[in-house]
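First comes the structure, then the notes that go with it.
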Amino acid sequence: MRFEDVAKKVDGIPNMDIRQGWAVYDHLLRSGAKEVLEIGTAHGVSAAYMAAAVQENGGKVTTIDGAIPTAERDPAPGDVLARAGLSDVVERVLVEDSSYTWWLKQRVEER
């Protein structure tokens with residue numbers, strides 16, 4: 001997905017402005033990244049910029065977040081990714097019973 005398209009769809013949503021979004025998008029696109037891990041999803045804006053870039057490269061984004069009630073995030077990350085048309089490029093992992101660090105440690109041990 002083109003940068004301009006995703007930028008229009010996430011405009012005004014907190015935590016990453018368009019300049020920061022461009023820096024992430026451009027870096028991932030030019031590096032050819034196909035697999036990206038994001039720790040902490042917030043509203044999903046950074047995940048949307050990353051997903052747009054890796055979609056162009058034929059990849060996906062995995063984003064890990066604590067199980068925070070949707071009511072505490074307006075808009076919710078799933079809604080932002082759906083609005084951007086990038087839900088299929090992002091796998092959201094909700095960690096309910098531990099921290100990100102513990103979850104990552106378990107994934108490393110599995111390999």
Side-chain angles (χ1 to χ4, degrees):
M1 174 179 283
R2 292 181 7 189
F3 173 79
E4 296 79 12
D5 296 333
V6 72
K8 286 177 190 174
K9 295 180 181 186
V10 300
D11 185 40
I13 301 171
N15 295 352
M16 181 172 277
D17 65 34
I18 193 167
R19 180 184 49 77
Q20 294 165 321
W22 171 253
V24 168
Y25 176 92
D26 185 55
H27 172 73
L28 294 175
L29 188 64
R30 289 192 306 134
S31 71
K34 290 187 178 181
E35 293 186 35
V36 173
L37 174 64
E38 176 185 44
I39 300 175
T41 313
H43 296 284
V45 174
S46 57
Y49 282 121
M50 289 186 271
V54 299
Q55 182 183 53
E56 294 287 325
N57 295 337
K60 70 172 188 155
V61 172
T62 301
T63 184
I64 304 169
D65 206 3
I68 296 171
T70 301
E72 293 182 27
R73 295 196 187 160
D74 186 22
D79 295 340
V80 171
L81 294 167
R83 178 189 318 174
L86 293 162
S87 297
D88 61 327
V89 185
V90 179
E91 176 187 0
R92 291 186 59 224
V93 176
L94 297 177
V95 179
E96 296 187 32
D97 58 350
S98 67
S99 69
Y100 306 139
T101 307
W102 189 255
W103 185 90
L104 287 168
K105 174 190 172 295
Q106 291 173 324
R107 299 301 75 78
V108 168
E109 287 176 347
E110 290 171 3
R111 293 189 183 253

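Just so you know, these numbers use all the heavy atoms, side chains as well, and skip hydrogens, waters and symmetry mates.
- Going from atom CD1 of I39 over to atom OG1 of T101 covers 7.5 Å, rounded to the nearest 0.5 Å.
- For R92 against G78, the heavy-atom pair with the smallest separation is NH1-N, 3.8 Å.
- Contacts of E35 classified as salt bridge (charged side-chain N to carboxylate O under 4.0 Å, His left out), with partners at least two apart in sequence or in another chain: none.
- Note that the CG atom of L94 and the CG atom of D65 stand 7.0 Å from one another [nearest 0.5 Å].
- D11 is linked by a salt bridge (charged side-chain N to carboxylate O under 4.0 Å, His left out) to nothing, counting only residues two or more places apart in sequence or in another chain.
- Each salt bridge (charged side-chain N to carboxylate O under 4.0 Å, His left out) pair with one or both residues in residues 99-108, not counting sequence neighbours, appears once here: K105-E109, R107-E110.
- Using a 4.5 Å cut-off between side-chain heavy atoms of Ile, Leu, Val, Met, Phe, Trp and Tyr, L29 falls into a hydrophobic cluster with M1, F3, V6, V10, I13, M16, I18, W22, V24, Y25, L28, V36, V45, Y49, M50, V54, V61, V80, L81, L86, V89, V90.
- Residues that satisfy the salt bridge (charged side-chain N to carboxylate O under 4.0 Å, His left out) test with R83, not counting sequence neighbours, are absent from this structure.
- For E56, the salt bridge (charged side-chain N to carboxylate O under 4.0 Å, His left out) test picks out no residue, with sequence neighbours left out.
- A pairwise comparison of heavy atoms in T41 and E38 identifies CA-OE1, 4.1 Å as the closest pair.
- Looking only at distances, a side-chain donor or acceptor of S87 sits under 3.5 Å from a matching main-chain atom of A82.
- The backbone N or O of K34 lies less than 3.5 Å from no partner atom in the side chain of N57, so there is not a single donor-acceptor pair.
- N15 and A42 get closest at one heavy-atom pair: ND2-CB, 3.0 Å.
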